[in-house]
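Remarks on the structure that follows.
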Amino acid sequence: MDALLSIVLAMLFFCAHGQKPAPYPATQNGTPAWFVDVAPQAGLTLRNTNGSTTTKQYILESTGSGVAIIDYDRDGWPDIVLVNGQGLQTTPGTSAPTSHLFHNNHDGTFTDVTAATGFNVSGWGQGVCVGDYDNDGYDDLYITAYGHNHLLHNDAGKHFTEVSTASNAAGSGKEWGTGCAFVDFDRDGKLDIAIANYVHFDLSKTPKPGTEAGCMWKGAPVMCGPRGLPFAPNTLLHNMGNGRFEDVTTSAGFAKTGGHYCLGVTTLDYNEDGWPDIYMACDSTPSILYRNNHDGTFTDVAAEAGVAYNEDGREQAGMGSTAADYNGDGHLDLFKTNFSDDTATLYHANGDGTFRDDTSQAGLATNSDALGWGTMFLDADNDGWPDLLVVNGHVYPEVDSAELGSHFKERRLFYRNTGNGTFQDLSKQAGPGLTEPLSGRGLAIADFWNDGRLSAVVNNLSDRPMLLVNQARSANHWLGLKLVGTQSNRDAIGARVEVRGTLAGKPHVWVDEVRSGSSYNSSSDLRLHFGLGTEAVLQSLTVRWPNGVREKFSVPVTDHMLTITEGSGMKAEREER
């Protein structure tokens, strides 16, 4: 079957499977984005549990939980996972909080199918990532935690089975897992798991607020950490292909990166050599960029690549991260959120395996009072230029009572990409969904109704979630892509897509990669989304599959969600292994 026919049939598949008018229709709002929180009417009412709702005695209560987008039943409509924590004390006669799975009903609402699918994951959940680790066609889930982690096998879209112990993926229980990502680091067609770990935390040995030097902030007694608490090494699990994983943390070089408190994980091929690399945002310490050495090992090159510190050579308190080609030069850039009294950081890719801090030049050295967590690039108005969405919230409730210059609950930020290398802060003009103060943590994005509009799910600390739907009308075109691996891993995680065409009458290239994880402890839709502006004709689409094979495809239509299968295109050159 040739590439054109393959794509057309994929398009017809989506049309035949009950495509309905999108709920929450777009309206004329006069702005590129108008985000409205529709979580209550959509049925997303689960309140997050993370210790006390009023005070935070321990750092464990402050980091919050992630959110994942997964089409668990393969009906073409993205579903939602909200990770949950727990309380410091259990109340007799009450059930422990669990993470929850919500099924997309195709009409703007979601149904809680946690019990029906056996999705019974309790414990102090943190991060989550999506990937089909056994290549059976159904996406699985990995949930990190304070304690043992959880690998949930998807049983043909009907049920989830916890296989953490049987698969050797639970961990020791001593590490505090935060961000994670499925990644085929050795390009053998099987998804491995990279896990960021925060601290070794022992509740019985952790000092109370204000009792030590590291438990004060701006003169106020606050919870202790991460400084002063013991570091936890990051973890790398290698998929052995028999349903089990082996811990290769030491042999792969992950154990060499001690002395870090790591949180968010973003995979990207930063040096464009065809092998996936791993970026970790770290709190109060330099960030890590694990360069893939092609032999099963990694080397931290963050300092020499220019992404360990900010432009002043200062380490920051990194939380979340995201990657995209924000300026259309064909290279993936990085954006990282940080603690308050600092700015977020935009690292511009120079195209030679190095980055420069362009935060100020891009107009993003603002909102220094905000404490950023989840963040994603997304083309909100489909004009061809990826915008930025950031969720915020402080870790110290004391910032309100002690009037320390910040707020525990904060608004979300939306930066519009102007197309000339700069961003415009439209946070106060982009809808009521951005302005209500909440303490945000996890953030994931998806085109929930396959209509070309990206929405966002936010998991708020000790509070209700948000479903932010963009209701601004746009006449711009778009292209959605679902990649299916045959020789590579089935989700095609690690595949790099390059689309060529014209934007505003000029030649333009769009580049992105399929990735699991990213943001803060979250995992967005594995399908790629490209805003195309007013142009409706594209010249070419090239996929470099995770195993290095390159194929070219024609794009017969836009404004649709298309499926591209490995092996159905025109072969191009193969990169050397």
Side-chain angles (χ1 to χ4, degrees), residues 46-66 82-91 96-97 123-127 144-147 176-179 197-230 232 261 263-264 283-284 317-320 337-342 369-374 391-411 437-443 458-465 520-521:
L46 173 73
R47 292 186 67 88
N48 177 261
T49 300
N50 264 278
S52 170
T53 59
T54 56
T55 61
K56 301 294 181 184
Q57 297 291 305
Y58 300 98
I59 195 170
L60 179 63
E61 301 176 82
S62 70
T63 52
S65 307
L82 291 175
V83 179
N84 213 349
Q86 64 181 45
L88 289 173
Q89 292 87 28
T90 58
T91 302
W124 213 302
Q126 295 285 285
T144 62
Y146 166 58
W176 171 354
T178 49
N197 293 313
Y198 196 39
V199 300
H200 279 136
F201 183 77
D202 187 334
L203 198 66
S204 65
K205 297 180 181 179
T206 302
K208 293 293 182 67
T211 57
E212 294 187 1
C215 311
M216 301 289 294
W217 191 68
K218 293 186 176 181
V222 295
M223 63 190 180
C224 305
R227 287 195 174 102
L229 300 180
Y261 307 113
L263 292 167
D283 187 3
S284 305
M319 306 296 177
T337 56
N338 298 304
F339 204 80
S340 62
D341 296 327
D342 198 355
D369 59 326
L371 198 167
W373 298 86
V391 300
N392 308 284
H394 220 283
V395 296
Y396 306 134
E398 294 83 0
V399 298
D400 293 328
S401 58
E403 299 182 355
L404 299 179
S406 300
H407 298 282
F408 184 65
K409 296 183 177 182
E410 301 177 327
R411 60 186 174 90
L438 287 165
S439 196
R441 293 298 187 265
L443 164 72
V458 183
N459 206 347
N460 292 301
L461 179 71
S462 303
D463 217 316
R464 60 179 180 80
Y520 172 75
N521 291 7

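Within the model, atoms OG of S65 and CG of N84 stand 6.0 Å from one another, a figure rounded to the nearest 0.5 Å. Here D283 contributes atom CG and R227 contributes atom CZ; the two are 8.0 Å apart, rounded to the nearest 0.5 Å. Between atom CZ of residue F408 and atom CG of residue L371 there is a gap of 10.0 Å, rounded to the nearest 0.5 Å. Atom CG of L82 is separated from atom CG of N48 by 8.5 Å, given to the nearest 0.5 angstrom. Atom SG in C224 sits 9.5 Å away from atom CD in Q57 (nearest 0.5 Å). In this structure, T178 OG1 and Q126 CD are separated by 7.0 Å, a value rounded to the nearest 0.5 Å.
Using a 4.5 Å cut-off on side-chain heavy atoms (C-beta onward), V399 and W217 make contact. Side-chain atoms of D341 and K218, non-hydrogen and from C-beta on, do get closer than 4.5 Å to each other. In this structure, the side chains of L229 and Y198 stay at 4.5 Å or more apart for every pair of heavy atoms. Looking at R464 and L438, their side chains come closer than 4.5 Å, going by heavy atoms from C-beta outward. Residues Y520 and L263 are in side-chain contact: their nearest non-hydrogen atoms beyond the backbone lie under 4.5 Å apart.
With hydrogens and angles disregarded, a donor-acceptor distance shorter than 3.5 Å links the side chain of T337 to the backbone of G320. The backbone N or O of G66 sits less than 3.5 Å from a side-chain atom of N459, completing a donor-acceptor pair. A distance-only check finds no donor-acceptor pair linking the side chain of K56 to the backbone of G51 [under 3.5 Å]. Judged purely by atom type and a 3.5 angstrom limit, N521 uses its side chain to pair as donor or acceptor with the backbone of G179. A distance-only check finds no donor-acceptor pair linking the side chain of R411 to the backbone of A370 [under 3.5 Å]. Within the 3.5 Å criterion, the main-chain N or O of G127 finds a donor-acceptor partner in the side chain of T144.
Of the listed residues (T49, L88, T63), just one forms a side-chain contact (heavy atoms from CB on, under 4.5 Å) with W124, and that residue is L88.
In this model, no donor atom of one side chain and acceptor atom of the other lie less than 3.5 Å apart for D463 and S439.
Evaluation of the side-chain hydrogen bond (donor to acceptor under 3.5 Å, both in side chains) test over residues 391-407, restricted to residues two or more places apart or in two chains, returns S340-H394.
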Got a list of side-chain donor-acceptor pairs under 3.5 Å for residues 207-215, not counting sequence neighbours?
residue	atom	partner	partner atom	Å
T211	OG1	K208	N	3.4
T211	OG1	K208	O	2.6

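When every heavy atom of G85 is checked against every heavy atom of P97, the shortest pair comes out as O-CB, 3.6 Å.
For F201, the ring pair (Phe, Tyr, Trp, His ring centres under 6.0 Å) partners two or more places apart in sequence, or in a different chain, are Y146, W176.
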